[in-house]
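Chain letters run A, B, ... following the sequence lines, proteins first, then strands; residues in each count from 1. Predicted model only: the values in this text are computed from it and were never measured.
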Number of protein chains: 2
Amino acid sequence: MTEPSLVHAKEDHPTGRVKREVKTTKTIPSDIEIARQADKKPIREVASQLGLGESDLELYGNDKAKIPPHVWKRIQNRPDGKLVLVTAISPTPAGEGKSTVTVGLGQALNRVGKKATVALREPSLGPVMGIKGGAAGGGYSQVLPMEDINLHFTGDFHAVTSAHNSIAAMIDNHIFRDNTLSIDPRRIVWKRVLDLNDRALRHVVVGLGGKTNGMPREDGFDITVASELMAILCLARDLKDLKERIGRIVIAYRLDGSPVTVADLGVEGAVALLLKDAVKPNLVQTLENTPAFIHGGPFANIAHGCNSLAATRHALKLSEYTVTEAGFGADLGAEKFIHIKSRMGGIQPDVAVIVATVRALKMHGGVSRDRLNESDPDAVTRGLANLSRHVDTMRAFGLAHVVALNLFAVDTEAEWRRVEDWCAREQVPFALTRVWEQGGAGGEDLARYVVQLAEAGSSNLRTLYETDQPIRAKIAAIAQKVYGAERVEYSKQAEKQIAECEKWGWHELPICMAKTQYSLTDDPALFGRPEAFTLHIREIRPAVGAGFLVALTGNMLTMPGLPKQPAALRMDVDQDGRVYGLF
Amino acid sequence: MTEPSLVHAKEDHPTGRVKREVKTTKTIPSDIEIARQADKKPIREVASQLGLGESDLELYGNDKAKIPPHVWKRIQNRPDGKLVLVTAISPTPAGEGKSTVTVGLGQALNRVGKKATVALREPSLGPVMGIKGGAAGGGYSQVLPMEDINLHFTGDFHAVTSAHNSIAAMIDNHIFRDNTLSIDPRRIVWKRVLDLNDRALRHVVVGLGGKTNGMPREDGFDITVASELMAILCLARDLKDLKERIGRIVIAYRLDGSPVTVADLGVEGAVALLLKDAVKPNLVQTLENTPAFIHGGPFANIAHGCNSLAATRHALKLSEYTVTEAGFGADLGAEKFIHIKSRMGGIQPDVAVIVATVRALKMHGGVSRDRLNESDPDAVTRGLANLSRHVDTMRAFGLAHVVALNLFAVDTEAEWRRVEDWCAREQVPFALTRVWEQGGAGGEDLARYVVQLAEAGSSNLRTLYETDQPIRAKIAAIAQKVYGAERVEYSKQAEKQIAECEKWGWHELPICMAKTQYSLTDDPALFGRPEAFTLHIREIRPAVGAGFLVALTGNMLTMPGLPKQPAALRMDVDQDGRVYGLF
């Protein structure tokens with residue numbers, strides 16, 4: 001549910017709070033105020049809607065629970081419900097509200113008579129303390145308890161942080177002791193992580209201060225959501241699969257160039273042990289008491305950016321409709337959902353919802369951020385080029401889809417009609433949604449389209465590449481069929497790394513593209529639908545534990561920084577534990 | 001309950017597993033096996049023994065709960081029960097089993113008809129993964145669920161880690177932005193923390209890699225239990241007090257030498273918010289279903305080394321007897337319990353239990369570690385000098401006390417009789433305990449002595465210094481009356497820091513001594529009861545938020561390292577979530 005690098009980008013846009021300002025013109029209470037007044041049910045009651053009894057829950061307070069493994073054993077052979085994938089146009093600093101639409105659609109489906117559950121990612125604390133101040137949906141389409149979900153929640157990310165850094169400590173200890181694995185200290189690819197925005201930790205030197213402190217070497221910290229362990233947590237089918245994947249993680253290379261894995265260190269058992277509770281899906285609820293699984297949160301640019309497979313599979317077995325989202329635009333999250341998560345998990349979306357906003361379309365149409373409050377229907381029309389690219393992608397995947405226009409207070413009818421008219425011409429179902437302002441009631445039209453497409457069996461899902469194709473062919477398929485690129489160029493480094501992947505037998509893994517979310521190209525300044533461009537692959541990083549090869553285009557920051565006025569400055573807690581400054 | 005620096009020291013003793021080897025000669029199952037077979041009650045039932053209802057609990061699964069603040073409001077005006085402080089002779093690598101005796105005594109008190117609760121520290125993950133492999137008591141005197149308590153438990157330490165590192169990130173961001181507070185980057189005293197043993201992070205350089213990554217500077221990581229926030233968590237009376245203490249933390253000095261606090265950064269609200277759940281005491285149970293509060297765990301050498309004041313106060317209001325422990329020997333934990341925790345919290349121990357073992361007394365009597373399994377009554381007698389020093393300290397405090405000899409399988413009667421005889425001559429109550437092997441039944445004699453002393457009102461507690469005395473006078477009082485030192489010497493640096501403390505008005509804070517736990521002197525090699533020695537004060541570090549001045553003698557490591565064969569190598573979790581390798 002959180003997009004750390006989107007947040008990071010906001011840091012570069014000093015007027016990054018436009019969306020919220022617009023919201024407040026409607027005099028709707030703040031998110032935390034709405035959340036406080038919510039008619040929250042005990043999580044036991046929410047679980048009973050899913051047919052889960054008290055012994056099927058590990059309670060974390062009255063309003064959060066983890067689902068223990070015996071539940072999966074009981075439900076695993078049931079048929080799956082329908083799966084709705086919420087994606088979006090290329091995000092802009094104006095914001096799209098994809099999480100809000102996901103929550104609102106879940107609520108709306110229940111209103112139109114379908115037993116629906118939502119499945120989202122957990123927010124990362126770094127962006128919450130940095131720019132976001134919260135990431136649990138918004139307005140009347142939120143998940144609860146938002147103050148816990150935004151902070152430590154059930155401790156999953158902390159477990160990943162501990163597990164990740166334990167591996168790092170074991171590596172340095174191994175070198176300090178006798179380095180029997182012949183690890184090359186210059187080629188340790190396993191960094192450290194913290195669930196924080198902290199630019200000063202991006203590049204550090206560790207092991208200083210003399211012989212008793214180990215071997216000095218260059219190192220760095222990523223944000224926890226960028227950890228390969230986070231991706232593994234989200235893709236593992238069970239504890240056994242988790243442990244095997246952890247064992248396969250490549251942490252370093254030997255002096256002879258061969259890879260060293262976690263299994264070589266012998267700590268995959270301990271690392272899996274540290275994650276034994278984190279792998280259990282978390283159950284909470286929305287403002288309208290719709291069950292919500294919130295679990296896992298890998299980075300959406302350098303990893304696959306979807307909530308956990310375990311949570312999605314639980315939801316599919318326990319409800320008629322599961323609404324889930326994938327990070328950023330359809331070029332990133334949705335592509336990875338289909339090529340990575342669906343493929344590994346044996347699940348398939350039935351319908352996609354493409355979220356767009358008038359404001360974001362205007363930015364794609366060339367309007368600058370400070371003029372987004374002025375009506376400009378022609379800019380909307382120009383911006384539709386971006387939407388059209390993502391619609392084409394859904395068609396390429398054979399995935400039935402509906403465009404959801406997430407309406408803001410300042411949007412004019414003349415503007416949103418341009419979207420509706422375009423959709424009519426393209427024969428794409430179109431629904432206005434007002435879920436932020438109205439909750440589920442504002443998403444009923446969307447819900448009806450979704451049900452119609454799902455029940456008609458309109459999708460005929462296909463992948464755009466096979467994993468046994470050569471690495472370059474897989475990358476070319478994504479670049480051309482999803483981004484609309486004309487050609488792909490590889491750096492010398494990337495060429496060398498492709499050869500290395502082939503040498504070590506990693507070439508049959510799927511590709512996880514690492515690309516700016518703001519553009520279909522690798523240049524974040526190119527909005528809309530650029531044509532005839534070249535995609536530049538700078539680097540190939542094997543994530544053998546997660547089970548994909550990361551193809552980096554441009555410079556992906558994996559540790560965000562804090563803005564000049566961090567959201568933390570507004571946060572507070574009073575004597576009675578009442579929370580302020582989250583939204 | 002955990003002693004990270006004790007563990008660290010074990011790293012220096014290659015035969016550090018003696019204690020466990022001895023245990024296994026009795027063919028008693030391993031700790032985790034005993035724990036698995038335990039007849040654990042739902043925590044709701046345990047709570048009901050304390051008069052707490054379901055609405056008084058925030059459940060973390062079926063066997064752990066946090067106590068929300070409304071409970072304290074209801075019980076705060078009740079009279080306190082009796083408080084039993086478990087301390088020990090100076091620890092040796094042979095191990096004393098203080099936590100085990102604490103748990104066993106709690107169980108034993110219930111067996112002799114007293115409503116008793118234990119109050120312990122939470123284990124730190126670093127030592128658990130490093131040497132210890134677990135720290136939740138042992139044998140038939142353990143707290144449950146030991147596998148959770150030893151790993152992430154209810155997330156308190158992770159919350160401290162996040163809160164601590166958030167402050168660090170805010171400091172570097174402040175300097176990166178415009179440094180309006182004129183922070184001197186060479187005098188940032190707030191380091192970063194991780195709950196790990198990781199020597200490579202002791203001394204690092206951060207902010208490398210160019211202008212966008214901040215300002216390069218020297219930095220380092222401590223283990224989380226060494227964080228001042230951990231000490232604050234354990235001393236704060238409520239959320240308001242917590243936030244005020246956080247605001248007072250000195251994080252750096254300005255170019256003009258004046259201190260900069262967290263309040264100057266403006267993030268004390270956000271930091272308190274991150275700790276809002278961590279401040280709530282955790283309730284679990286022992287193997288015999290005795291209620292156990294396990295909460296907080298500050299380092300016992302550079303901080304005060306006791307569980308949280310909040311937990312102890314809850315236990316005192318909810319039961320007739322509260323059994324708690326303080327870190328290391330009576331020279332460290334017990335002294336700080338009385339001068340710091342009791343003073344700040346308005347609580348007073350009624351009885352002290354001084355734990356000793358034949359093996360540790362033999363080490364104090366000069367026996368080397370590899371010969372501890374040989375009977376040597378004369379060495380026991382020589383080692384009694386160490387015990388006598390701690391008995392004298394209890395007398396100085398006016399605190400009634402009993403010696404508990406924690407019996408091991410290989411100990412001979414000739415050996416333990418020497419202790420009994422000495423105690424008889426000194427008119428100190430003496431009890432053999434077999435709580436590791438027998439649980440509460442093995443501690444009934446001890447329990448009866450404790451009840452007798454407590455009900456007789458035998459204590460007449462006095463402090464050994466007043467906080468308004470000069471800093472040197474306070475240090476001298478501890479050195480002479482507790483350690484038996486003849487004089488105290490100060491380094492030039494310490495002299496300067498004392499002047500600085502007086503300048504900034506911190507001189508009326510109590511003293512928190514940072515001294516090796518292995519010796520009454522500042523030289524860890526001097527066992528027994530050294531006489532006519534000089535204590536060397538190297539440094540004075542103000543912990544203004546925690547509310548004490550740390551006086552360092554010698555070089556205290558605040559980030560342990562991993563041993564050659566970390567305990568993590570033996571840990572595992574199977575397909576069904578069953579845990580291995582914790583003990």
Side-chain angles (χ1 to χ4, degrees), chain A residues 58-61 69 125 129 151-152 155 158-159 162 165-166 168-170 172-173 176-177 194-209 212-214 238-240 243 266-267 269-270 272-274 276-277 561-562 564 566 568-569 571-577 579-581, chain B residues 58-62 69 125 129 151-152 155 158-159 162 165-166 168-170 172-173 176-177 194-209 212-214 238-240 243 266-267 269-270 272-274 276-277 561-562 564 566 568-569 571-577 579 581:
Chain A
E58 290 175 5
L59 294 178
Y60 282 66
L125 195 54
M129 302 296 283
L151 298 174
H152 310 291
H158 292 321
S162 285
N165 293 327
S166 290
M170 298 289 165
D172 278 305
N173 191 54
F176 173 77
R177 295 293 171 181
L194 279 176
D195 192 15
L196 280 177
N197 287 12
D198 193 346
R199 68 172 66 72
L201 292 179
R202 282 176 192 153
H203 192 182
V204 302
V205 172
V206 301
L208 298 171
T212 56
N213 293 355
D238 52 33
L239 266 174
K240 182 165 171 280
K243 192 157 62 181
V267 293
L273 175 59
L274 286 170
K276 80 176 172 61
D277 294 311
L562 286 168
K564 188 159 182 179
L569 293 176
M571 293 180 188
D572 205 357
V573 61
D574 71 13
Q575 172 74 342
D576 300 315
V579 172
Y580 300 88
Chain B
E58 291 176 5
L59 294 177
Y60 282 66
N62 282 326
L125 194 54
M129 303 296 282
L151 298 174
H152 310 291
H158 292 321
S162 286
N165 292 326
S166 290
M170 297 289 165
D172 278 305
N173 191 53
F176 173 76
R177 295 293 171 180
L194 279 176
D195 192 16
L196 280 177
N197 287 13
D198 194 347
R199 70 173 64 73
L201 293 179
R202 283 177 192 152
H203 191 183
V204 303
V205 172
V206 301
L208 297 170
T212 56
N213 293 356
D238 52 33
L239 266 173
K240 182 165 170 281
K243 192 157 63 180
V267 294
L273 175 59
L274 286 170
K276 80 176 172 63
D277 294 312
L562 286 168
K564 189 159 183 179
L569 293 176
M571 293 181 188
D572 205 356
V573 60
D574 72 12
Q575 172 74 341
D576 300 315
V579 172

List for me each residue that meets side-chain contact (heavy atoms from CB on, under 4.5 Å) alongside A/L569, sequence neighbours excluded, and say none if there are none. A/Q565, A/P566, B/V267
Euclidean distance, B/L562 CG relative to A/N173 CG, rounded to 0.5 Å: 4.5 Å
ring-ring contact (aromatic ring centres under 6.0 Å, His included) partners for B/H158, two or more places apart: A/H158, B/H152
Is there a side-chain contact between A/R199 and B/D172 in this structure, where contact means two heavy atoms from C-beta onward sitting under 4.5 Å apart? no
Greatest number of non-hydrogen atom pairs under 4.5 angstrom with chain B, of A/H203, A/M170, A/E58, falls to A/H203
Heavy-atom pairs under 4.5 Å with chain B, option from A/L151, A/L274, A/D277 with the top count: A/L274
Choice from B/D574, B/L273, B/V204 maximising heavy atom contacts with chain A below 4.5 Å: B/L273
Please determine, among A/D195, A/L196, A/L194, A/L125, the option with the most heavy-atom pairs under 4.5 Å with chain B. A/L196
A/L208 vs A/N213 side-chain heavy atoms within contact, under 4.5 Å: no
Winner by heavy-atom pair count (cut-off under 4.5 Å) against chain B, out of A/G214, A/A169, A/P69: A/A169
Honestly, the part of B/K240 sitting under 4.5 Å from a heavy atom of chain A is both
